[in-house]
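Here the structure is a predicted model, which is why all the values come from computation and not from measurement. Sequence lines set the chain letters: A, B, ... in the order given, protein chains first and strands last, and positions in each chain run from 1.
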2 protein chains.
Amino acid sequence: MTTSTRDGRNGAATLEQVAKVAGVSRATVSRVVNGSPKVSDDIRRAVEAAVAELGYVPNRAARSLVTRRSDSIGVVIAEPSGRLFTDPFFPRVLRGISAYLSSRDLQLVLLMPAAGETHRTADYLTAGHVDGALLVSLHDDDPLPGRIAEAGIPMVVSPRPRRPLAASYVDVDNAGGAHSAVAHLVGNGRRVVATIAGPQDMAPGVDRLTGYREALRDARLPSEPDLEAVADFTQEGGAVAMERLLKARPDIDAVFAASDQMAAGALSVLAASGRRVPEDVAIVGFDDSAVATTTSPALTSVRQPVEEMGEEMARLLVAAVERSDPAPRRVILATQLIRRASSAGRRVP
Amino acid sequence: MTTSTRDGRNGAATLEQVAKVAGVSRATVSRVVNGSPKVSDDIRRAVEAAVAELGYVPNRAARSLVTRRSDSIGVVIAEPSGRLFTDPFFPRVLRGISAYLSSRDLQLVLLMPAAGETHRTADYLTAGHVDGALLVSLHDDDPLPGRIAEAGIPMVVSPRPRRPLAASYVDVDNAGGAHSAVAHLVGNGRRVVATIAGPQDMAPGVDRLTGYREALRDARLPSEPDLEAVADFTQEGGAVAMERLLKARPDIDAVFAASDQMAAGALSVLAASGRRVPEDVAIVGFDDSAVATTTSPALTSVRQPVEEMGEEMARLLVAAVERSDPAPRRVILATQLIRRASSAGRRVP
DNA sequence: GCGTCGTGTGAGAGCGCTCTCACGATGTCG
DNA sequence: CGACATCGTGAGAGCGCTCTCACACGACGC
């Protein structure tokens, strides 16, 4: 290392300077920096030495200008879907996304549009500021995916969109997770298994309900409307749903809630009604969030590989951007049932 | 609107084309787009019409290349500080940051470096890819702020750094919040008030402990080492600390925990020891996170204006970038005590 | 020994924008 | 009525990079 090191930003070295130091042309330095194979070994070494000496970092703007790629990916996290404020789902997805993008030297541009900013967000994404978009947790009626598809920008969404959409998606096996939860309850001797379902305008809500029904059918238990209450993934919603269920069917001996938050709400209602958990009523949640361990008793819950989802989304998107491969792909990740006290033991008849 | 609309990205209109349609020069269009005052009204209108007609959006890369500004801000969220996975603090801060940046048409580039990537992150930030940096929740020994300061990149950190640092910061009034929590407990007739403190290598941990001590002093209650246990903001840590406290001082009648997670851990230990909350022992948490309402009883907690913190950080940073004003500023936001069942009522002596 | 090819390198154009500077038109003053 | 500001506009350079194309050079075949 000699005298000249990078000094902040304004003194940043340019290709030109590296070329002069290495005694080659600008074009050759560019080739080395971009890993072109058609450079002789000795020249490559000379250039690399010059790059190191000057602390050269390519100017992204200049490169983008000519390549017409921004080397950045937009990540859209939609308006507070309750989830935003109650469990650390988003940071974990972002971690997964970030890990993959940074390994590929891509920028993660985060967009958290407020309500009513859909238009603005779509404008931004379609203006060529990003090479692709990752859409997390949109509602089914959001016009964003449509606008992006129209503009021909590659995208990957999660969860599974319920309307047909020419886009790749990544999701967890919601139905399978619900199925395993209910099978677990039935396996413990429960016979009157209710569910507090999530909102039916999002795939996770729908799929978890489907999984519940299929598990009952597989266990040859009747699936009754009385045993199903739809709520909104929140604690308050879960509490209200539980009250409704108990009123209709006081003989309930197990509950599968489609989120931990709703399970927590149900728990307080069960306690208030004088029922013991898990002795009288067993309960299983979904998400395996922080809440699951703070309730008493702690919640059995379905864990999803959240970071992995983010990583997989990023991987699919980058592949689509690079190969400009329009064939949509689907990735479904497995869930895992985490057993805790809320569904322990076996009911004594 | 005529035939020519923007078609995705490649067909994007350029200044040149807008100029031709409007019948003026490229320079004039540039002036209009950038809001220069020295353009006559009729020409301005003509240009604006042409811009609308062509759906013109300035090319960020080209602009950056000449202005030598990236119009983007780096936001660094450090390695899982526990907090990342247990409460929705980060999404909320990000929301605040995002809201302000998008109002100023600035890109939010998110960095979530994994352990050991500090060097890489610093390289990125100092390479001129961003105009400024927001550092959230770093540990005191993180070398990142130093590197950034060295490179002369504007930055704002949160929480308050404990080592002297020539940077602006935003934080909540941790000491004040803790003080109000303890005053509340004392006001309810509690006399043996313990605390489960946070890690002492971060300002929030230190400041909340300080607030606790000051409140005891103000209430003319003795501050005893026996009544203080340090934990790590997690539920497990809180449980262990509570056990330690009970062993040393079985007569404890109130606990101030520096996080809701720790309060939740303490709650389970108190229950296991046969103590009733709030009748025998009252407890107050900090953060007012989702956990606070799922425990039983629900936790009284100190609420912090998280979104506001993010917004304020962004505001300070943008001001520093624009005015290249190196004078560090400090902003401390007020907290609010949210009363719930865990500290209700009054002890019957 | 001359054409032909392949291979590594350099010259140069140009990506879309901003910004300085020059210039013509208009207004102001002595 | 000429000298001089003032103001709005246009011409043109140049930001740092990539990429096409031409060229020099050695290897090869006839």
Contact list for residues 100-118 of chain B, test salt bridge (charged side-chain N to carboxylate O under 4.0 Å, His left out), sequence neighbours left out
Arg104(B)-Glu322(B)

Thr28(B): what forms a side-chain hydrogen bond (donor to acceptor under 3.5 Å, both in side chains) with it, not counting sequence neighbours?
Ser25(B)

Who are the side-chain hydrogen bond (donor to acceptor under 3.5 Å, both in side chains) partners of Arg329(A), not counting sequence neighbours?
Asp325(A)

Those residues of residues 23-31 of chain A lying under 4.0 Å from DNA chain D by at least one heavy atom:
Arg26(A), Ala27(A), Ser30(A)

Do any pairs count as a salt bridge (charged side-chain N to carboxylate O under 4.0 Å, His left out) and have a residue in residues 32-48 of chain A, sequence neighbours left out, and if so which ones?
none

Below 3.5 Å, can you tabulate the donor-acceptor pairs from side chains in residues 155-163 of chain B to any protein atom, sequence neighbours excluded?
| residue | atom | partner | partner atom | Å |
| --- | --- | --- | --- | --- |
| Ser158(B) | OG | Val170(B) | O | 2.8 |
| Arg160(B) | NE | Asp207(B) | OD2 | 3.2 |
| Arg160(B) | NH2 | Asp207(B) | OD1 | 2.7 |
| Arg160(B) | NH2 | Asp207(B) | OD2 | 3.2 |
| Arg162(B) | NH1 | Asp140(B) | OD2 | 3.4 |
| Arg162(B) | NH1 | Gln200(B) | O | 3.2 |
| Arg163(B) | NE | Asp140(B) | O | 3.2 |
| Arg163(B) | NH2 | Asp140(B) | O | 3.3 |

Please report the end-to-end axis angle for the helix from dG1(C)-dC30(D) to dG30(C)-dC1(D), five pairs per end, rounded to 10 degrees.
50°

Taken in chain and number order and not counting sequence neighbours, the residues that satisfy salt bridge (Lys or Arg N to Asp or Glu O under 4.0 Å) with Arg26(A) are Glu16(A)

Polar atom pairs between nucleotides 22-25 of chain D and protein, under 3.5 Å, N or O only, would you list them?
none

Holding to side-chain hydrogen bond (donor to acceptor under 3.5 Å, both in side chains), I want the full list of residues that pass it with Ser168(A), two or more places apart in sequence or in another chain.
none

With sequence neighbours excluded, what pairs up with Tyr124(B) under the ring pair (Phe, Tyr, Trp, His ring centres under 6.0 Å) test?
His129(B)

Would you please name every residue forming a side-chain hydrogen bond (donor to acceptor under 3.5 Å, both in side chains) with Asp142(B), sequence neighbours left out?
none

The side chain of Arg63(A) lies closest to which of these nucleotides: dC17(D), dT9(D), dT18(C)?
dC17(D)

